[in-house]
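Following: one structure in structure tokens, then a few remarks.
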There are 2 protein chains.
Amino acid sequence: MAQKKKYLSKNQKIVLDIIEKSAQPMKAYSILFNVQKKGLKAPPQVYRALDKLVEIGKIHKIESRNAFIACRNSACTITNATAFSICESCEDVKEISSSKLSKYLSNFQDKEGMKFNKYNLEFFGLCKKCK
Amino acid sequence: MAQKKKYLSKNQKIVLDIIEKSAQPMKAYSILFNVQKKGLKAPPQVYRALDKLVEIGKIHKIESRNAFIACRNSACTITNATAFSICESCEDVKEISSSKLSKYLSNFQDKEGMKFNKYNLEFFGLCKKCK
DNA sequence: ATTACAATGTTATAATATAACAATAAAAGA
DNA sequence: TCTTTTATTGTTATATTATAACATTGTAAT
Ligand SMILES: [Zn+2]
Ligand SMILES: [Zn+2]
Ligand SMILES: [Zn+2]
Ligand SMILES: [Zn+2]
């Protein structure tokens with residue numbers, strides 16, 4: 001299982017480090033710009049690290065923004081089940097960790113009775129500051 | 001309000017038409033290719049129509065796939081609240097219309113008590129056929 | 001040591017999306 | 001009507017996001 005991976009490679013560490021230092025999601029080419037001083041010069045080096053970090057749950061992709069955010073929710077590194085709130089004004093993004101929500105969604109069945117253990121939910125609105 | 005719009009423009013009709021004829025989500029450049037015989041020659045013509053159609057709820061964007069699907073759920077043309085199931089094997093996508101789910105998510109509050117009336121939820125798994 | 005697999009470095013290119021501007025068409029107000 | 005405003009169109013160019021392909025190097029197990 002991908003989640004069992006213990007050690008990150010050099011490039012994976014560099015990329016994770018910069019994403020973790022950012023309070024907000026970072027775009028791939030912004031990451032690239034920021035890691036060029038550390039020797040990662042080309043897009044594939046960044047995208048490969050991003051792919052792996054997403055795979056092992058260290059970061060998540062905010063699909064509606066094409067951006068990447070560090071995971072702050074230990075539970076979801078195992079589940080592939082993610083939820084975020086996104087402010088449409090200041091673009092502030094927060095990961096939602098609600099066991100009630102994740103239970104509800106993991107147990108949700110569609111009309112054919114199908115269940116899904118993997119999902120991504122993005123909520124949109126205005127954050128406190130912007131309201 | 002955008003939802004009150006009654007008539008679509010020529011390009012909007014052309015683009016909607018082709019998306020509605022497709023059982024599955026279509027990518028923008030695939031749409032472009034398909035409408036070139038009808039005179040839409042450049043990406044902005046397609047993207048403008050897509051933007052408007054998304055805005056008025058006639059189509060939805062599947063964010064994780066960068067693709068567009070026609071809305072089959074009259075309720076969500078008003079709500080900006082969408083949910084889909086996506087088969088990770090055959091890429092079959094279905095819009096989920098569950099008033100229970102939409103009520104649950106519209107009433108969901110985050111830790112600061114914030115509510116969101118707009119959201120997008122993408123479930124992933126294997127469809128009946130692929131399981 | 002040999003073998004397998006993961007990660008790296010590199011160049012080029014594919015795929016997705018928007019900026020900018022001139023021209024037309026449609027809708028609304030006088 | 002006519003005139004003003006707004007939405008839509010056509011067009012060229014370019015920005016942004018992401019992957020293909022291939023040679024090389026590092027790592028870990030046998
Ligand atoms: Zn997480
Ligand atoms: Zn905000
Ligand atoms: Zn819909
Ligand atoms: Zn399937």
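Predicted, not measured: the structure shown is a model, and the values here were computed from it. Protein chains get the first letters and strands the later ones, always in sequence-line order, with residue 1 at the start of each.
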Atom pairs, N/O to N/O, protein against nucleotides 22-25 of chain C, distance under 3.5 Å?
none

Which donor-acceptor pairs under 3.5 Å do the side chains of residues 31-38 of chain A make with protein atoms, sequence neighbours left out?
| residue | atom | partner | partner atom | Å |
| --- | --- | --- | --- | --- |
| A/N34 | ND2 | A/S30 | O | 2.7 |

So, OP1 or OP2 of [N]: does either fall under 4.0 Å of a side-chain N or O from [X]?
X     : N      : value
A/K52 : C/dT8  : no
B/S9  : D/dA7  : no
B/N11 : D/dG10 : yes

Original post:
Can you name the residues that form a salt bridge (Lys or Arg N to Asp or Glu O under 4.0 Å) with B/K21, not counting sequence neighbours?
Top reply: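 Salt bridge (Lys or Arg N to Asp or Glu O under 4.0 Å) list for B/K21, sorted by chain: B/D17.
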Original post:
Does some side-chain heavy atom of A/N66 sit less than 4.5 Å from a side-chain heavy atom of A/K61?
Top reply: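 SC-SC contact between A/K61 and A/N66 confirmed.
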Nearest-Å distance, [atom1] ([X]) to [atom2] ([N])?
X     : N      : atom1 : atom2 : result
B/L40 : D/dT9  : CG    : P     : 8 Å
B/M26 : C/dA17 : CE    : P     : 14 Å
A/L16 : C/dA7  : CG    : P     : 14 Å
B/L50 : C/dT18 : CG    : C1'   : 13 Å
B/L8  : D/dA7  : CG    : P     : 15 Å

For [X], what residues pass the ring pair (Phe, Tyr, Trp, His ring centres under 6.0 Å) criterion, not counting sequence neighbours?
X      : value
A/Y47  : none
A/F124 : none
B/Y29  : none

**OP:** Name the orientation class of the two ring planes belonging to A/Y119 and B/F123 (parallel below 30°, tilted from 30 to 60°, perpendicular beyond 60°).
**Re:** perpendicular
Contacts under 3.5 angstrom, residues 84-97 of chain A side chains, donor-acceptor by atom type, not counting sequence neighbours:
| residue | atom | partner | partner atom | Å |
| --- | --- | --- | --- | --- |
| A/E88 | OE2 | B/K118 | NZ | 2.7 |
| A/E91 | OE1 | A/R65 | NE | 2.5 |
| A/D92 | OD1 | A/Q24 | NE2 | 2.8 |
| A/D92 | OD2 | A/K94 | NZ | 3.1 |
| A/E95 | OE1 | A/R72 | N | 3.3 |
| A/E95 | OE2 | A/H60 | NE2 | 3.2 |

Subject >> side-chain hydrogen bond (donor to acceptor under 3.5 Å, both in side chains) contacts in which one or both residues fall within residues 121-131 of chain B, not counting sequence neighbours >> reply: B/S64-B/E122, B/N120-B/E122
Subject >> By side-chain contact (heavy atoms from CB on, under 4.5 Å) - contacts of A/K10 (at least two apart) >> reply: A/I14
Original post:
Which residues satisfy the side-chain hydrogen bond (donor to acceptor under 3.5 Å, both in side chains) test with A/Q45, sequence neighbours excluded?
Top reply: none
Subject >> Under 4.0 Å protein heavy-atom contacts per nucleotide of nucleotides 11-30 of chain D, with B for base, S for backbone only and - for none >> reply: BB----BBBBB---------
Original post:
Taking five pairs at each end, how big is the angle between the two axes of the helix from C/dA1-D/dT30 to C/dA30-D/dT1, to 10°?
Top reply: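 Helix axis angle between the two ends: 40°.
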